2 protein chains.
Amino acid sequence: MTITQLYYVLAVAEHKNFTLAAEKCFVTQPTLSMQIQKLEDELEVLIFDRSKKPIQLTEIGQKIVSQAKNIVNESDRIKDIVDQQKGFIGGEFKVGIIPTVMPTLLPMFLTNFVNRYPKVNLIIEEHNTEEIIKRLKNGHLDVAIAATPLEEDNLKEIVLYYEPFVAYIPENNRNFDKTEIDINDLDLDSILLLQDGHCFRDGILNLCKNKGNFTDTKFHIESGSFETLIKLADEGLGTTLLPYLHTLDLKEKDKLKLRHFKEPRPAREVSLIFPKSELKSHIIEALRSTIAGVIKGAIAFHNVEIISPLKNKKGVY
Amino acid sequence: MTITQLYYVLAVAEHKNFTLAAEKCFVTQPTLSMQIQKLEDELEVLIFDRSKKPIQLTEIGQKIVSQAKNIVNESDRIKDIVDQQKGFIGGEFKVGIIPTVMPTLLPMFLTNFVNRYPKVNLIIEEHNTEEIIKRLKNGHLDVAIAATPLEEDNLKEIVLYYEPFVAYIPENNRNFDKTEIDINDLDLDSILLLQDGHCFRDGILNLCKNKGNFTDTKFHIESGSFETLIKLADEGLGTTLLPYLHTLDLKEKDKLKLRHFKEPRPAREVSLIFPKSELKSHIIEALRSTIAGVIKGAIAFHNVEIISPLKNKKGVY
DNA sequence: TATTTTTATCGAAAATTTCTATAAAAATGA
DNA sequence: TCATTTTTATAGAAATTTTCGATAAAAATA
């Protein structure tokens with residue numbers, strides 16, 4: 001059994017087609033067919049059911065593929081280990097970002113980073129927090145950007161910045177006339193939230209719980225994007241909370257509906273998260289310093305007391 | 001990079017000698033030398049420092065070896081997965097056993113098992129509970145026999161038997177004349193115990209704690225074997241507790257010093273422990289049924305109320 | 001310094017992987 | 001249904017890789 005054979009198996013498992021898989025592996029179809037046959041002979045099992053179209057994995061084939069992924073993954077890491085030791089900043093680098101951070105943060109650092117580290121092949125993926133944790137742990141992501149603290153075993157967190165929440169209050173709302181707003185002013189039943197799984201929502205709910213005024217009311221109107229929430233709020237369906245960076249993109253007339261919170265301001269902690277093994281620590285540090293550089297100009301609320309929703313934790317940002 | 005090359009690296013790392021490593025791999029020394037050079041060329045690092053005698057791993061070499069172990073381990077599992085699917089009972093099977101179970105249980109089932117499953121290459125290792133958990137999780141053991149419950153993530157437990165504790169009371173002790181003994185009769189300060197790390201000791205301490213009369217006294221006399229404890233007890237240094245199976249091997253005159261407990265009897269739960277992935281479930285079941293068969297005759301206290309020390313759990317054994 | 005032990009290098013032999021060409025089988029479409 | 005297309009398997013040759021035996025070079029030992 002060779003690692004190459006396992007690669008070939010994974011390619012066929014993915015594309016369900018020997019010819020296509022061979023192309024992706026940059027070999028001819030007979031080469032790939034023979035190598036897979038050799039492996040099947042050695043293990044004395046059929047990995048693929050070739051009678052089905054498209055080709056299917058056999059029961060045992062599924063288990064073999066799953067283990068083959070492990071092996072190929074682990075063997076790819078050898079290269080990473082060597083790069084790490086050499087301090088080489090380059091190679092494939094997979095970054096996971098949560099949806100509520102992606103559109104605002106990514107454009108701020110992307111160009112900067114790829115110019116500074118041209119040898120890094122950056123792969124950005126959007127996932128929710130749960131998926132991000134899973135992928136960091138199984139090695140499908142090298143690093144992630146998400147709301148913290150997560151306090152997950154084997155994962156390390158480095159805070160990038162604290163992003164305050166800003167209330168978006170439509171004109172007909174009773175709080176519209178206030179210049180600054182307090183958390184307790186908000187009617188929790190009418191806060192519009194993001195759908196489950198988005199950590200930003202978790203953040204807000206925890207915040208409310210921590211303030212001791214969280215009621216178990218069901219929020220029937222939930223959306224996956226702030227754009228929708230803003231429109232719903234404008235329709236008079238309630239208020240919503242926006243992370244500060246999102247408010248920068250609002251239309252001028254919508255910006256008039258923003259109300260900052262009184263101190264301690266609710267904020268979310270946004271961090272770099274990565275496996276404790278720190279396999280790509282040099283690239284991670286490169287990413288951290290790039291983001292730190294661009295964020296400094298954008299979030300200028302230094303030394304203001306804030307309160308982080310996920311941990312009711314006070315800090316200075 | 002090939003799995004074979006990684007095997008070769010591991011062999012040299014183990015034997016610190018190319019010639020010897022080549023022998024163990026059943027290839028000639030030039031073959032092994034060249035393959036390792038090829039890998040070093042591909043990774044562009046030196047794995048071994050050949051200037052030192054005996055040969056040493058470089059810093060990066062250590063990391064590569066550690067990862068190579070992973071990869072080789074994971075690739076060996078492919079064979080296990082196939083065997084598992086086929087229901088084949090054979091191949092390498094590593095069993096870990098704690099020291100306080102090893103000498104009594106192993107002789108009872110070993111011959112029986114190897115006769116019944118001649119294709120299994122049984123490898124027995126003695127480790128303490130902590131080490132066993134580690135090795136089950138990293139794949140160095142297929143199954144283990146230890147005192148339970150452990151309640152470890154990713155490990156499954158199947159109870160083999162409940163083994164009562166029997167008090168060993170020297171003649172000069174105030175409890176010697178009792179025919180049956182109660183847990184509360186024992187003077188905790190003078191119970192002789194096994195040294196730390198042996199789960200049997202943990203078992204007794206928990207038992208005492210559960211009975212609510214555990215004092216934080218330091219036990220200055222601690223030993224690694226029951227034989228020593230018995231001798232110490234005979235010297236008048238206190239009493240000790242023995243697992244039932246150990247009492248069967250005592251000399252006749254020492255058996256006179258044994259006192260069984262009143263119900264509910266203190267007992268330890270001895271279980272098979274294995275990864276939830278159940279890679280070798282057929283062999284594990286074969287082992288379980290073999291042990292169950294021989295233990296039935298040995299521990300004949302069925303339907304007697306017992307109390308298990310690790311969980312203050314009552315059950316019938 | 002001679003001897004032994006150990007590792008590296010060389011060229012040939014053996015084994016393997018891959019390729020091209022083509023056959024066989026299956027799916028598609030008129 | 002039958003020709004056409006698509007897909008996989010097979011065969012033999014070429015290329016590559018792995019291994020070996022012989023031996024050189026280097027290091028350790030006596």
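Throughout, a chain's letter reflects where its sequence line sits, starting with A, and its residues are numbered from 1. Please read all numbers here as calculations on a predicted model, not as lab measurements.
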Do any pairs count as a salt bridge (Lys or Arg N to Asp or Glu O under 4.0 Å) and have a residue in [range], sequence neighbours left out, and if so which ones?
| range | answer |
| --- | --- |
| residues 87-110 of chain A | none |
| residues 275-285 of chain A | Asp80(A)-Lys280(A), Asp142(A)-Lys280(A), Lys156(A)-Glu278(A), Glu285(A)-Arg288(A) |
| residues 104-117 of chain B | none |
| residues 28-41 of chain B | Glu40(B)-Arg50(B) |

Legend entry - Sequence neighbours excluded - side chain to side chain donor-acceptor pair (under 3.5 Å) pairs with any residue from residues 19-28 of chain A: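 Of all non-adjacent pairs touching residues 19-28 of chain A, those that pass side chain to side chain donor-acceptor pair (under 3.5 Å) are Thr28(A)-Thr31(A).
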Legend entry - Counterpart residues, ring-ring contact (aromatic ring centres under 6.0 Å, His included), relative to Phe274(A) (two or more places apart):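 Phe274(A): no ring-ring contact (aromatic ring centres under 6.0 Å, His included) contacts found.
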Inset, instruction - With axes from five pairs an end, tell me the bend angle of the helix from dT1(C)-dA30(D) to dA30(C)-dT1(D), nearest 10°. - result: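 Here the helix ends are tilted 30° relative to one another.
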Identify every side-chain donor-acceptor pair in residues 120-127 of chain A under 3.5 Å, counting partners at least two apart or on other chains, and give the distances.
| unit_1 | atom_1 | unit_2 | atom_2 | d |
| --- | --- | --- | --- | --- |
| Glu125(A) | OE1 | His127(A) | NE2 | 2.7 |
| Glu125(A) | OE1 | Arg135(A) | NH1 | 3.4 |

Legend entry - nucleotides 9-16 of chain C: protein proximity per nucleotide (B base, S sugar-phosphate only, - neither; heavy atom, under 4.0 Å): B------S
Inset, instruction - Go through residues 1-18 of chain B and report each residue with a non-hydrogen atom lying under 4.0 Å from DNA chain C, sorted by number. - result: Asn17(B), Phe18(B)
Inset, instruction - Name all residues meeting the side chain to side chain donor-acceptor pair (under 3.5 Å) criterion together with Ser271(A); count only those two or more places apart in sequence or in a different chain, and write none if there are none. - result: Thr148(A)
Inset, instruction - Could you tell me which residues satisfy side chain to side chain donor-acceptor pair (under 3.5 Å) with Tyr7(A), sequence neighbours excluded, listed by chain and number? - result: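 For Tyr7(A) the side chain to side chain donor-acceptor pair (under 3.5 Å) partners, ignoring immediate neighbours, are Asp76(A).
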